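Here is the structure we will look at, set down as structure tokens.
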Number of protein chains: 2
Amino acid sequence: MVSIVSVAKVAGVSNKTVSRVINGEPYVTEETRERVEKAIRDLGYVPNMAARLIRSSRSNTFGIITDYVSTTPYSVDIVRGVQDWANANGKTILMANTGGASEREIEIWKMFQSHRIDGVLYITMFHRIVDPETGDVSIPTVMINCRPQTHELLPSIEPDDYQGAQDLTRYLLDRGHRKIGYIRLNPILLGAQLRLDAFRKTAGDFGLAESDLSIRLGMEGPVGAEKNYVFAVATEMLQQKDRPTAIMSGNDEMTIQIYIAAMALGLRIPEDVSIVGFDDFRTVSLALKPELTTAALPYYDLGQEGAELLNGVVAGSKARPSSRVVPCKLVERTSVCSLEPRTSGRFDL
Amino acid sequence: MVSIVSVAKVAGVSNKTVSRVINGEPYVTEETRERVEKAIRDLGYVPNMAARLIRSSRSNTFGIITDYVSTTPYSVDIVRGVQDWANANGKTILMANTGGASEREIEIWKMFQSHRIDGVLYITMFHRIVDPETGDVSIPTVMINCRPQTHELLPSIEPDDYQGAQDLTRYLLDRGHRKIGYIRLNPILLGAQLRLDAFRKTAGDFGLAESDLSIRLGMEGPVGAEKNYVFAVATEMLQQKDRPTAIMSGNDEMTIQIYIAAMALGLRIPEDVSIVGFDDFRTVSLALKPELTTAALPYYDLGQEGAELLNGVVAGSKARPSSRVVPCKLVERTSVCSLEPRTSGRFDL
DNA sequence: GAAAAATATGTCGACGTTGTCATGCGTCTA
DNA sequence: TAGACGCATGACAACGTCGACATATTTTTC
């Protein structure tokens, strides 16, 4: 392997001078610099990170730990966000996933430590509460899409499920819907409660009575093996003589069944029922016709901001280990219609 | 940072002896070994990979390059497959994604080189033909879910789209379907042609005439901004007086619209039309009711086998740079019904 | 019971890089 | 014109690990 020494030899300078050129340090003549650069090109020299690390003990590397339950396919956008940030800032990414096994997790932390990682991003594939099994390893850590339960407060970045559901509810209210159905997400998901709370509160604040809201459970049970009531619940909801004019659902996946239930009853969307989803699973939200109005989880941004935050922590900013929250974005498509002249301004900013 | 030297000091032996213990070399007394191990535990010593690499110039690290068009959400299972293999075999994974930019790609290869990566897995998120932009870097490489176009033949691992479509077609024929509709995938996808060919050939071999097959284009245009005719095409197909008894579609995403089209026409699935998909996007195939019979792409296996193959290449097995193909798996659910007593054995193994 | 073999441990240097310090040279200041 | 200063470069050590080799101790062999 061609090293700094061979370059130095070819360029006729000392290895320290080559080092200076590589790192853009001052005090090198233009002429020397060019000679060295030519030698580098000619030899195809590439600096050896391992050697660099061994001297400076800064690896410029972040580790990513994921749990990787791939039921929520778009959450990998978090990783993409991190990678893009890392790329833009000259960091390297080491990746590992636990598959849920906690012995595995301990190994991973050891592995990270042995690579002298600068910091760790602990990423879960759905929004939840977890406690990282760090073993006795301590490396600066930021949690993304999850939050620690116990004492040891690690900074975390989470999606704002509450605000997302609030926006969707307002969107429906704004368009004149006064009887709204809500089919709930599996309650073991952290987002489920937040979204439901937002829905209730927002509708309540607007003046709707609890009787205007039909709130029903759509799924329950362990992730990956849940019981699914969505089709039945939606069918029932839509058969009431006083049926809702709009249905909100826990996520886009559930929405497919609501669509099918509606169509099976001969109802048109959005003329007869308006429907909104949550998550913006694009395989679903764009494939449904009419395309689905939904709230996009800010996965990519979570990744970017998480990396940014971790970088701050590593650099030593004594940042309060607070939990930051990133807003969801309402994606307006064509699954909702206005029932009456828009009651404008009611919820405008 | 605690190093081998501090351990040696505590244990009262030379650093070489510590090294021996760490690497499980012979010629160490049980008693010494225990003393050293205790010192390691007490100090929380973890070997420094960088230093190890610098000595042995084997990084035990694989790099992953992805293009990361996240339109095909489950293809990240490839990465999971690689990671699990790496974990089981003590390798580390460095990840980077191009986002499609080729300058970026060249940078990545440089970066990999500077980490003295042992080999590279070049992974695309949908099945296609690509030529890696390696710059002038040469590292052992295996391509997964894609295939090189030009001269420089790199080994590759691909899903067997042909066999998958063949299995699905046989499945329908076996159940008595003799008039079958087919809604084609975007032709710019490599799988599109393979799947269509398999469908045509298999139906033809069985004795169906071209007139028994209605083959229609469902999508076209650049990935991410394609034109979508699926709903219209499906509606039209199902309105023919002599309509097909079963419809195959390019992928599960398209299938949603076929379901909706069918329901809108008052047709029941599978009693009036049977439907099969392709890909097993579980957000869709499990969410549709009735659940969708489809062919699962072997993403996870692609990852595993790719890593395995790369390992062989790195170890120097002069393996022919052949293209290996991994079978798709038919996932039987409830979207297909039998039209007549099963013509058993026709296609049995 | 001496030579040979097997076992147990240590010394030293090298991997590729960069930080520290030293040196050489030209230019400015008083 | 001597001393001070700024710039350009080099010599050398050190980071943590392990391979090559050397040495010391025990066991086996005939």
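Just so it is clear, the values below take in all heavy atoms, side chains as well, and ignore hydrogens, waters and symmetry mates. Please read all numbers here as calculations on a predicted model, not as lab measurements.
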Nearest to the A:Val13 side chain among D:dG10, D:dC18, C:dT9, which nucleotide is it?
D:dG10

SB check A:Glu34 A:Lys38 (cutoff 4.0 Å):
no

Contact class for B:Thr32 vs. all strands (heavy atom < 4.0 Å): base, sugar-phosphate, or nothing?
sugar-phosphate

To the nearest Å, give me how far apart CD1 (A:Ile22) and P (C:dG16) are.
13 Å

Do we get B:Arg20 above B:Tyr27's six-membered ring, with its NZ or CZ under 6.0 Å from the centre and within 45° of the axis?
no

D:dT9, OP1 or OP2 - any side-chain N/O from A:Thr29 closer than 4.0 Å?
yes

Using a 4.0 Å heavy-atom cut-off, does B:Pro26 contact any base of the nucleic acid, only the sugar-phosphate backbone, or nothing at all?
nothing

Under a 3.5 Å distance rule, please check whether B:Glu105 uses its side chain to pair with a backbone N or O of B:Glu133 as donor and acceptor.
yes

Answer yes or no: does a side-chain N or O of B:Tyr27 lie under 4.0 Å from OP1 or OP2 of C:dT7?
yes

For B:Glu30 and A:Ile4, take the nucleotide of DNA chain C holding the closest heavy atom to each; which residue's nucleotide lies nearer the 5' end?
B:Glu30

Hey, could you give me the CG/CG distance between B:Asp160 and B:Leu302, rounded to the nearest 0.5 Å?
10.5 Å

Comparing nearest nucleotides in DNA chain D, the 5'-proximal residue of the pair A:Lys16, B:Arg20 is A:Lys16

Rounding to a whole Å, what distance do you find between A:Arg55:CZ and C:dT17:C1'?
7 Å

In plain terms, say whether B:Glu107 and B:Arg104 are close enough for a salt bridge, that is, a side-chain N and a carboxylate O under 4.0 Å apart.
yes

Options C:dG10, C:dG16, D:dG19, nucleotide nearest the side-chain atoms of B:Thr17:
C:dG10

What integer distance in Å separates A:Ile54:CD1 from D:dA14:C1'?
10 Å

Contact under 4.0 Å: B:Ser14 side-chain N or O vs C:dT9 OP1/OP2
no

Would you say C:dT18 has OP1 or OP2 under 4.0 Å from some side-chain N or O of A:Asn23?
yes

Toward the 5' end of DNA chain C, by each residue's nearest nucleotide, B:Arg116 or B:Arg33:
B:Arg33

Pair of N/O donor and acceptor under 3.5 Å linking C:dT17 base with A:Arg52 side chain
no

Give a yes/no on whether any side-chain N or O of A:Ser19 is located under 4.0 angstrom from OP1 or OP2 of C:dT17.
no

